[in-house]
**Q** 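Okay, here's the structure, questions in a sec.
Each ligand, and each atom within it, is numbered from 1 in the order the structure gives. Along the sequence shown, the residues carry numbers beginning at 1.
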Amino acid sequence: MALERTFSIIKPDATRRNITGKVLSIIEASGLRVVAQKRIQMTKEQAQGFYAVHKERPFFGELVDFMISGPVVVQVLEGEDAIAKYREVMGATNPANAAPGTIRKELAESIEANTVHGSDASETAKEEIKYFFQDHEIVG
Ligand code: RTP
Ligand code: MG
């Protein structure tokens with residue numbers, strides 16, 4: 001399988017608790033490589049646009065408010081089968097259902113404050129990377 005890229009967000013619950021390094025350790029230990037990274041404060045419009053697929057869901061408003069409640073770290077991760085691999089490394093959306101050793105099991109607080117986002121498919125990965133990064137900011 002060829003090298004693939006996925007998009008990751010270390011969410012505000014992690015920046016608030018000053019544990020972005022712990023998240024990064026788990027990512028790097030999995031073999032995935034950070035090829036772009038920046039710390040940003042998302043605007044409401046940016047968060048609404050990013051989560052547009054969820055706009056009819058009952059949790060949409062709370063999700064957007066949470067994602068702008070503090071800084072986030074956006075990243076591009078590279079590796080073999082990176083999209084599926086990072087989903088595995090993150091663990092289930094609800095940390096109560098996540099497997100031991102996953103980021104969400106070890107670090108997440110709740111289904112909302114679940115520490116990380118990762119793209120779910122090849123097309124969404126490309127779109128999400130483009131939403132936050134210019135080509136020259138990604139150094140593989
Ligand atoms: P993500 O997109 O953040 O990587 O997480 P995911 O694919 O595992 O979950 P998804 O279904 O895409 O939902 C996006 C985020 O919305 C929040 N959520 N809250 N209150 C709820 O029932 C609920 N369900 C989902 C989570 O923060 C989830 O990561
Ligand atoms: Mg998702």
Side-chain angles (χ1 to χ4, degrees):
M1 171 128 208
L3 277 189
E4 187 176 64
R5 285 177 176 171
T6 192
F7 175 72
S8 160
I9 304 177
I10 304 180
K11 296 186 180 185
D13 64 283
T15 58
R16 186 174 301 119
R17 288 178 288 155
N18 204 24
I19 58 165
T20 61
K22 286 189 183 171
V23 176
L24 199 49
S25 291
I26 299 176
I27 291 172
E28 291 186 336
S30 79
L32 290 166
R33 188 174 291 271
V34 178
V35 294
Q37 174 166 272
K38 58 191 172 190
R39 180 175 166 106
I40 60 168
Q41 171 65 52
M42 267 202 241
T43 65
K44 187 157 200 164
E45 293 66 35
Q46 219 174 1
Q48 286 169 333
F50 182 74
Y51 280 119
V53 297
H54 294 313
K55 70 175 184 292
E56 307 302 336
R57 309 275 284 274
F59 58 80
F60 179 71
E62 276 177 20
L63 174 60
V64 167
D65 286 345
F66 169 65
M67 292 301 287
I68 64 172
S69 68
V72 298
V73 177
V74 291
Q75 305 173 308
V76 180
L77 308 179
E78 188 176 81
E80 300 242 323
D81 212 5
I83 295 167
K85 177 155 203 174
Y86 190 45
R87 302 283 300 181
E88 233 178 84
V89 170
M90 290 195 301
T93 309
N94 185 344
N97 304 327
T102 61
I103 293 169
R104 285 167 169 166
K105 182 64 177 188
E106 302 307 324
L107 301 173
E109 297 183 310
S110 67
I111 189 166
E112 178 171 89
N114 64 0
T115 312
V116 279
H117 162 85
S119 308
D120 57 15
S122 176
E123 259 330 289
T124 45
K126 286 196 184 77
E127 284 168 18
E128 291 175 359
I129 289 169
K130 241 174 80 185
Y131 197 78
F132 287 100
F133 289 98
Q134 295 184 266
D135 284 347
H136 70 86
E137 294 178 298
I138 306 169
V139 183

**Q** Report yes if some heavy atom in the side chain of I26 is under 4.5 Å from a heavy atom in the side chain of K22; otherwise report no.
**A**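 Not in contact.
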**Q** Which atoms form the tightest heavy-atom contact between H117 and Y86, and what is the distance?
**A** O-CE2, 3.5 Å
**Q** Any idea which heavy atoms bring P12 and M67 closest together, and the distance?
**A**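 P12 and M67 have their closest heavy atoms at CG-O, 3.6 Å.
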**Q** Taking NZ, NE, NH1 and NH2 as the nitrogens, is one of them in K44 or D65 under 4.0 Å from a carboxylate oxygen of the other?
**A** yes
**Q** Ligand 1: which residues have a non-hydrogen atom closer than 4.0 Å?
**A** K11, Y51, H54, F59, L63, R87, T93, R104, I111, E112, N114, V116, H117, G118
**Q** Under 4.5 Å between any side-chain heavy atoms of K105 and P95, yes or no?
**A** no
**Q** Should the pair F7 and F133 be assigned to parallel (<30°), tilted (30 to 60°) or perpendicular (>60°) ring geometry?
**A**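 If you compare the ring of F7 with that of F133, the planes turn out perpendicular.
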